[in-house]
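Let me begin by presenting the structure, written as structure tokens, before commenting on it.
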Amino acid sequence: MQTIIGTDLSAAAELLRRGELVAIPTETVYGLAANALDTDAVLKIYETKGRPAFNPLIVHVHDAGEFEKYAKEVPALVKQLAEKFSPGPLTFVLPKKEVIPDIVTGGGDTVALRVPGHPLTLKLLSQIDFPLAAPSANPFGYISPVTAMHVMDQLDGLVPMILDGGPSMIGVESTVVTVENEKLLVLRLGGVSVEDLKDVAGEIELRINQSSDPKSPGQLKSHYAPRIPLRLGRMEDLLSEFAQKKKALLCFRDSRADETIIAQEILSPSGDLHEAARNLFAAMRRLDRSGAEIILAEKMPATGLGLAINDRLERAAAG
Ligand code: TXA
Ligand code: MG
């Protein structure tokens, strides 16, 4: 199969109507999309990613008004949050309606819904009359792609088209939430910070699963993993622990000098966690190819998007 990279929306829409896959840009990471209402099309996602078929997918819709089409009930709190954060990096897990095939939800009775905040993909969604199921467009377990070229590097020949929407502006996946007894539960840390959720939802509970429960791949302990080992901690501790190793450094704002450092990425010289999130996955990919024996990653401040970045780095370190 030949893979086209481009911005031709009608070609992308036509492929999707025919039950083919298209890699799509979103503000978080690139997704590998198929018609969410077509079981055979969704099956191709699992095959292409090499992902276990019991892992549920996020269903992307054009606007939050569509949630009612696919969810049995939409709690008032979800509507309030969607009002503020959709389109954007927030995904809602809701009781699913019949129309959503089991293959999308891993056989479960809930569906994850999100309005992606990317103009090209929103335009694509307005040109088709079905929602798009899409996980991140990386082989299962590897680092999520944040440019069309990242997708090409790994899925060339496996998908007919990659829609190029430029680099993802958020850089980490969406925050996944659900409502239980009128309380907001955070199931995955992501592009909307816990602080911002609290402003709308009041008290919230973090239920970030650190287990290896295969039902929640974004919550799998080992995930987002580069091929070479990655260790996370205070940089000074890591540098002395791995003094002899040929190493690649993933730093927050300050660089380090040492002749055993063969590659180094500074996520945000000004200490801006949004910028750090935006640079994270591309930097991890470069370090993975640097020829180093190990990546030493500095823990981010545990606030705002720093929590989501640390979560990804912890999972990468477990790989
Ligand atoms: O930003 C994102 O969310 C990206 C873009 C493409 O939208 N997508 C993404 O998809 O990260 P994926 O498949 O890599 O991660 C989906 C996350 C997983 O943690 C999964 O467990 C959770 O959403 N999820 C999906 N459906 C669920 C459900 N019904 N109940 C609980 N968690 C669910
Ligand atoms: Mg993923």
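In each ligand, atom 1 is the first atom listed, and ligand 1 is the first ligand listed. Keep in mind that the numbers below use all heavy atoms, side chains included, and drop hydrogens, waters and symmetry copies.
- Of the candidates Ser136, Gly117, Pro89, Ala33, the one placing a heavy atom closest to atom 14 (O) of ligand 1 is Ser136.
- Within 6.0 Å of NZ in Lys72 there are 12 or fewer heavy atoms belonging to other residues, nucleotides or ligands.
- Judged purely by distance below 3.5 Å, without hydrogens or angles, the side chains of Asp288 and Ser290 never pair a donor atom with an acceptor atom.
- Ligand 1 is never approached by Lys96 to a heavy-atom distance shorter than 4.0 Å.
- Taking backbone and side chain together, Ser136 holds an N, O or S atom under 2.8 Å from the Mg ion (ligand 2).
- On a distance-only criterion, Lys49 and ligand 1 share no N/O pair closer than 3.5 Å.
- If you look at Glu173 next to ligand 1, the close heavy atoms, those under 4.0 Å, come from the backbone and the side chain alike.
- Counting only N and O atoms by type, the side chains of Glu173 and Ser144 include a donor and acceptor under 3.5 Å apart.
- A donor and an acceptor atom, one from each side chain of Thr178 and Arg207, are nowhere located under 3.5 Å apart.
- Within ligand 1, the atoms closer than 4.0 Å to a non-hydrogen atom of Thr110 are 28 (C), 29 (N), 30 (N), numbered from 1 in the order shown.
- Between Arg51 and Pro56, the closest heavy-atom pair is NH2-O, 2.9 Å.
- Heavy-atom proximity to His60, at under 4.0 Å, picks out these atoms of ligand 1: 5 (C), 6 (C), 7 (O).
- Every atom of ligand 1 is numbered from 1 in the order shown, and the set under 4.0 Å from a heavy atom of Thr28 is 1 (O), 2 (C), 4 (C), 5 (C).
- Atoms of ligand 1 lying under 4.0 Å from at least one heavy atom of Ala112, given by number and element, are 25 (C), 26 (N), 27 (C).
- Note on Glu275 versus Arg278: no salt bridge recorded, every NZ/NE/NH1/NH2 to OD/OE distance being 4.0 Å or above.
- Residue Arg51 approaches ligand 1 through these ligand atoms, each under 4.0 Å from one of its heavy atoms: 12 (P), 13 (O), 14 (O).
- Salt bridge Asp40/Lys44: absent, no basic N to carboxylate O contact under 4.0 Å.
- Residue Ile58 has at least one heavy-atom neighbour below 4.0 Å for each of these atoms of ligand 1: 3 (O), 8 (N), 9 (C), 10 (O), 16 (C), 23 (O).
- Note: an N/O pair closer than 3.5 Å links Ser174 and ligand 1 by distance alone.
- For ligand 1, the atoms sitting less than 4.0 Å from at least one non-hydrogen atom of Pro135 are 10 (O), 12 (P), 13 (O), numbered in the order shown with element in parentheses.
- No side-chain donor-acceptor contact under 3.5 Å links Arg17 and Gln127.
- Among the atoms of Arg188, some N or O lies under 3.5 angstrom from an N or O of ligand 1.
- Under 4.0 Å is where a charged nitrogen must lie from a carboxylate oxygen, and between Glu73 and Lys97 no such pair does.
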